[in-house]
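Numbered from 1 within each chain, the chains take letters A, B, ... in sequence-line order.
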Protein chains: 2
Amino acid sequence: MRGVVKLCKVMPDGRQQIVGLQFAPDFVGRPFVRESMLSAQAATDAEICVFPRDLLDRMISETPKLQRSLLDQALKELDAAREWMLTLGRHTAEEKVASLLHLIATHAEPQTATTTSFDLPLSRAEIADFLGLTIETVSRQLTKLRKSGVIRIENFRHIIVPDMDELERMISA
Amino acid sequence: MRGVVKLCKVMPDGRQQIVGLQFAPDFVGRPFVRESMLSAQAATDAEICVFPRDLLDRMISETPKLQRSLLDQALKELDAAREWMLTLGRHTAEEKVASLLHLIATHAEPQTATTTSFDLPLSRAEIADFLGLTIETVSRQLTKLRKSGVIRIENFRHIIVPDMDELERMISA
DNA sequence: CGGAGCATTGACTTGTTTCAACCATAGTGG
DNA sequence: CCACTATGGTTGAAACAAGTCAATGCTCCG
């Protein structure tokens, strides 16, 4: 209902990858399945509406409409995941960081005109885990974007994008 | 029904990423949606069973069982996509190549004991696009795996894995 | 004040890419 | 039948982007 939830995968040796962010009205969880190889953590303060599993399973089985919207959500997430695969596989560090800022800007609060500002829901370490980079590289790319005037940074977490088109041009995808 | 289909995304500047491989009885396509930002190409000779879109849409709407299996397939693909995000983001080149071999080995023909052999459905260039690497790096990692005895290569495309456990150990995830 | 936690910056190293040469195979046409 | 080209793959050397290691800065908070 409010806040951001991150979906994580970890390797035995400790390397970690965030494989998805869930925003405001998204549904988190996997009906019909006992467990998955995924952990979900709140990235910010969040209000979550929880359903008991068997009740939910039953409701889904009985109402085709619900099942349909669940399918839609799954397909939306699938598209997002594949979009992100392109980012992880074929973007440079700079493009990756720009992509993340764009993702958050478009999914967070409603926008006003071309100028946008928002709070990062993630720490540098979490950003690194999302982008497949190190915190140092994330930090460097952020200052690079700042120095080139694409973004402004206030208090580490608050980002101001004077010109969204400029940011989108950094991604070019 | 037979063969391998690859799902591709391309960037305006030509960089390309393969975001999924579909094997034998998988369903390819997106019901209810006119178009998606994805192209599907046969990677090998393939036999495909095609349904007319409106017929399929209608059938799905009317049979909850079909809708359910479609949901299952979507969730399966979502898991696979996220698994691959971990590979793209946090694995080294060597681990990536090993992961691909493992993926193909486990999805291709049924297996015999620990020794496995199969034909690569992808060219070096396609492998590179799947793993987010260059063809040169792919080639180098393959020879590295060959020289270390984890795999044998016959005629460029045919791979023999003497010991599956050994291959899995290269991935460690 | 002083320590803990997070972020930034710098110097250096390394893995992967880039650029280029080369090899093998198959097909084509003189 | 043999050059000749096209295609796909391998290999080497140099360049570069990102990672590693280490020092420092900034805030919050007890």
d(CG, B/L145; C1', D/dT10) in whole Å
15 Å
Tell me the interatomic distance from A/L88, atom CG, to C/dT16, atom C1', rounded to whole angstroms.
17 Å
To the nearest Å, give me how far apart CG (B/N155) and C1' (C/dA26) are.
13 Å
Starting at CD1 of B/I127 and ending at C1' of D/dG9, how long is that distance when rounded to a whole Å?
11 Å
Under the side chain to side chain contact (heavy atoms under 4.5 Å, CB included) test, residues paired with B/S139 that sit two or more places apart:
none
Go along nucleotides 2-13 of chain C 5' to 3' and tag each nucleotide: B for a protein heavy atom under 4.0 Å from its base, S when only backbone or sugar atoms are that close, - otherwise.
-----SBBBB--
Quick one: B/K96 NZ to C/dT17 C1', roughly how many Å, whole number?
12 Å
Rounded to whole angstrom units, what separation is found between the NE2 atom of B/H91 and the P atom of D/dA18?
20 Å
Value in whole Å for how far the P atom of C/dT17 lies from CZ of A/R90
8 Å
Rounded to the nearest Å, what distance is computed from the CD atom of residue B/E95 to the P atom of nucleotide C/dG15?
12 Å
Check the surroundings of atom CG in A/D13: do more than 12 heavy atoms from other residues, nucleotides or ligands lie under 6.0 Å from it?
yes
Quick one: closest heavy-atom pair of B/K9 and A/R82, and the distance?
CD-O, 3.9 Å
May I ask whether B/I159 and B/L133 are part of the same hydrophobic cluster, defined by side-chain heavy atoms of I, L, V, M, F, W, Y residues being less than 4.5 angstrom apart, directly or through others?
yes
Neighbour count above 12 (heavy atom, 6.0 Å) for B/R152 CZ:
no
Do B/R90 and B/E95 make a side-chain contact, defined as non-hydrogen atoms from C-beta onward lying under 4.5 Å apart?
no
